[in-house]
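Atoms considered below: every heavy atom in the structure, side chains included; atoms not considered: hydrogens, waters and symmetry mates. We name chains A, B, ... by the order of the sequence lines, and we start the count at 1 in each one.
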Amino acid sequence: MMAKFLKPREDDDDDIVPTWQSDKPDVNTDNVTSFIFNSNVSLGLEQQKQRLPIFKNKNHILYLLENYQTLILVGETGSGKSTQIPQYLFEAGWCSGSRLIGITEPRRISVTSLATRVSDELRTQLGHIVGYTIRFDDCTTEDVTKIKYMTEGILMREMMTDPLLRKYAVIMLDEVHERTIFTDILMGLLKKILKKRSQLKLIISSATVDAEEICHFFNMSTTNNATILSVKGQLYPVSINYAIDPVPNYVQGVVDTTIKIHESMPVGDILAFVIGLDQIEHIVRLLKEYVNQRTDLKLLVLPMHGSLPNNEQIKVFRPTPRGMRKIVIATNIAETSITIPGIVYVVDPGFVKAQWFNPNTLTNSLVVVPISKASAIQRAGRAGRVRSGHVYRLYTEDNFKQLNNSTPPEMQRTELSSAVLQLKALGIHNILRFAFPSPPPAQNLRVALELLFALGALDEEGNLTKPLGETMAELPLHPIHAKVLLGSGEFGCSDEIASILSLLQVQDIFIKPSSGALALKARVLKRNFEVEQGDLLSLLNIFAFYEQQDNKKEFCHKYFFNYKVLKRATELKAQMISLLRKYNVPVVSSPRNTNAVLKCLTSGFFSNAAYLHHSGAYHTVRGNEELHIHPSSVLYTLQQPQWVIFNEIVHTNRSYMKDLCVIEHDWLLELAPHYYQTVINFGGR
DNA sequence: GAGCACTGC
């Protein structure tokens with residue numbers, strides 16, 4: 001059935017006002033050339049700054065900050081708030097003394113590009129007045145840097161050494177509408193800090209409508225200390241078209257709609273949001289078939305998703321050849337992470353795949369859910385970055401009105417043991433009574449506390465143990481991984497463990513070509529590194545070979561490994577090794593003793609153990625949940641081992657264990673007796 | 001026989 005659309009609203013008429021667009025040039029510069037659209041390139045920087053909508057609010061913002069401790073700023077992307085407000089504060093003298101303005105961002109790429117932009121605007125060298133800090137890259141100068149951009153995790157780490165954040169005069173949390181787990185923890189902690197440091201100012205910057213709720217959170221149990229200001233964004237107008245009837249099959253809906261746009265609308269590229277990889281491939285195939293039937297069509301159909309190899313990703317950023325129209329079929333990656341230039345039309349089916357943690361089964365489910373209003377608005381905005389655009393929503397206006405304002409915060413749908421350990425280390429004793437902006441389910445907190453106790457990070461009273469718990473909290477790792485790393489010296493294999501753990505932090509190292517022949521070749525080559533002990537040791541094997549290569553790039557190219565990812569893993573490993581030295585854990589290697597590595601892993605992963613049930617499926621030892629080996633595992637095609645540990649469970653149509661490791665059941669009793677004493681006999685039968 | 005997207009002293 002062809003999707004039908006209402007006419008665009010009359011008030012969304014084209015009104016082209018060329019102005020500076022790029023609040024956040026958020027294209028990953030590691031991948032591609034950076035595309036920063038700036039239609040005011042011929043204007044002086046000062047003129048450009050004054051054209052930003054935020055400029056009109058400058059004095060008002062400064063006034064409000066004088067009178068309120070917390071300012072909640074609502075403004076769409078493009079308003080210039082992330083770049084301008086820190087400069088206004090700096091010029092207004094908020095950095096007198098030795099204090100700084102700190103701005104947090106959820107992504108590293110935002111941190112570096114914003115800091116670069118602002119230091120250009122102030123005509124200073126990056127790292128002097130304006131600096132940034134991300135993991136592995138501290139580009140600030142002590143006593144010189146006044147405006148500091150950083151990732152949220154960095155500010156949280158700073159709280160461990162400076163709990164009241166005395167270095168800062170103003171903290172600005174940016175992109176708060178994304179509600180990452182760090183944003184929520186920071187808001188909870190900052191609420192406490194604000195009470196103790198009345199001179200500290202907090203700016204919460206958000207793109208959406210949840211401002212009232214956040215304002216209420218900061219006003220609770222204090223005087224009216226928080227206020228809201230809305231700033232107009234600066235995107236070109238985007239006309240909104242809703243489907244008249246619900247679209248039953250969104251794959252067909254996307255295909256029909258893009259074809260209809262192509263046949264009836266003026267030039268301009270099309271971006272369609274799709275849930276998953278197979279749907280992308282399906283739609284791309286259908287559109288290509290359509291293109292092939294009609295030789296007169298000048299259409300360029302491109303897929304875009306995170307696991308696409310680099311050279312394929314770059315294609316969507318290339319300027320569309322004259323007379324052609326580009327159609328990009330993308331996952332959610334195009335919603336916030338990357339900005340594709342030239343998009344005028346957006347097709348939005350209104351669904352997304354989201355991760356959900358189930359504390360009863362201790363598993364993550366990947367579920368398809370309707371997007372939020374905030375996402376719908378963000379997606380629509382992707383059509384208005386070049387000139388006025390159009391969004392085609394494959395759902396009705398009534399459907400839109402029923403959407404949640406925003407996706408539930410990550411805090412409410414994720415595994416919490418890392419977060420709880422951090423809070424304990426920051427002196428929050430009663431986690432259940434902590435002021436969470438959106439409290440997580442109590443069950444999720446309980447499960448996290450139990451795991452931390454089983455790992456030995458907490459004692460029976462729930463206090464951080466010394467030194468184990470305290471040290472685990474210091475490490476930038478999941479508590480299970482932290483436990484494994486800190487124990488690796490005793491097992492004589494810290495080098496191997498550091499390799500494995502670093503590979504578990506990064507994205508998939510395997511490049512999966514989309515062409516069938518190459519995909520087969522990649523799979524055959526991967527076999528060279530596979531070992532019967534499972535995925536974690538196979539990964540170690542690959543990494544050991546990688547480390548020995550003189551020409552690492554060529555090695556990766558030959559075996560279809562992702563060089564960029566392995567390079568990042570090398571950095572992570574080096575950091576882990578230096579952390580081991582810091583905490584006096586011997587850095588040793590036992591390349592031939594695989595059992596030592598396996599036992600060391602078991603000493604932390606014991607709660608993620610499963611045994612082969614006579615039904616042919618696996619069962620967790622506690623909970624008795626049915627599990628299966630993920631088809632991507634090296635164990636998938638081998639004889640099923642009796643006992644395994646795993647790094648992760650994903651629940652799609654079944655529960656799959658990923659990143660497996662073959663173990664012996666005696667090790668569980670030996671290494672985690674407190675956890676397994678009572679249940680092991682049942683499981684071991 | 002399966003894969004939304006990010007991210008940390």
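No contact: Asp508(A) has no heavy atom under 4.0 Å from any strand. Residue Arg568(A) is in sugar-phosphate contact alone, with no base atom involved, counting any heavy-atom pair closer than 4.0 Å across all strands shown. Across all strands, Leu475(A) comes closer than 4.0 Å to base atoms (heavy-atom distances).
When the ring pair (Phe, Tyr, Trp, His ring centres under 6.0 Å) test is applied to Tyr656(A), the partners found at least two apart in sequence or on another chain are His630(A). By the side-chain contact (heavy atoms from CB on, under 4.5 Å) test, Arg99(A) is found to be paired with Ala169(A), Arg197(A), Gln199(A), residues two or more places apart in sequence or in another chain being considered.
Rounded to an integer number of Å, the gap from Glu648(A) CD to dG3(B) P is 11 Å. Nucleotide dA5(B) holds its C1' atom 15 Å from the CD1 atom of Ile181(A), rounded to whole Å. Leu426(A) has its CG atom 14 Å from the C1' atom of dG8(B), to the nearest Å. Straight-line distance from the CE atom of Met657(A) to the C1' atom of dG3(B): 17 Å, rounded to whole Å. Between the CD1 atom of Ile280(A) and the C1' atom of dG3(B) there is a distance of 11 Å, given to the nearest Å. Between the CG atom of Asn332(A) and the P atom of dT7(B) there is a distance of 14 Å, given to the nearest Å. Whole-Å rounding puts the Ile275(A) CD1 to dA5(B) P distance at 12 Å. Rounded to whole Å, the distance from CE on Met304(A) to C1' on dG3(B) is 16 Å.
Picking from dG8(B), dA2(B), dC6(B) the nucleotide with the shortest atom distance to the side chain of Ile154(A) gives dG8(B). In the set dA5(B), dG8(B), dG3(B), dA5(B) carries the atom at the smallest distance from any side-chain atom of His305(A). Set against dC6(B), dA5(B), dG8(B), the side chain of Gln507(A) has dC6(B) as its closest nucleotide. Side-chain proximity of Arg523(A) to the nucleotides dA2(B), dG8(B), dC6(B) is greatest for dA2(B). Considering only side-chain atoms of Pro631(A), the nucleotide from dG8(B), dA2(B), dC6(B) that sits closest is dA2(B). Side-chain proximity of Val650(A) to dG3(B), dC6(B), dG1(B): nearest is dG3(B).
Aromatic ring orientation, Phe529(A) versus Tyr559(A): perpendicular (interplanar angle above 60°, classes split at 30° and 60°).
Note on Arg108(A): every side-chain N or O is 4.0 Å or more away from OP1 and OP2 of dC6(B). Residue Thr331(A) places at least one side-chain N or O closer than 4.0 Å to OP1 or OP2 of dA5(B). The phosphate of dG8(B) (OP1 or OP2) has no side-chain N or O of Arg107(A) nearer than 4.0 angstrom.
Position along DNA chain B of the nearest nucleotide to Ser632(A) versus Gly153(A) favours Ser632(A) as the more 5'-ward residue. When each of Glu474(A) and Glu410(A) is assigned the nucleotide of DNA chain B bearing its nearest heavy atom, the one mapping closer to the 5' terminus is Glu410(A).
Side chain to side chain, Ser205(A) and Asp174(A) meet the donor-acceptor criterion of an N or O pair below 3.5 Å. When only modelled atom types and interatomic distance are considered, Gln378(A) and His177(A) share no side-chain donor-acceptor pair under 3.5 Å. Between the side chains of Glu152(A) and Thr183(A), at least one donor N or O sits under 3.5 Å from an acceptor N or O.
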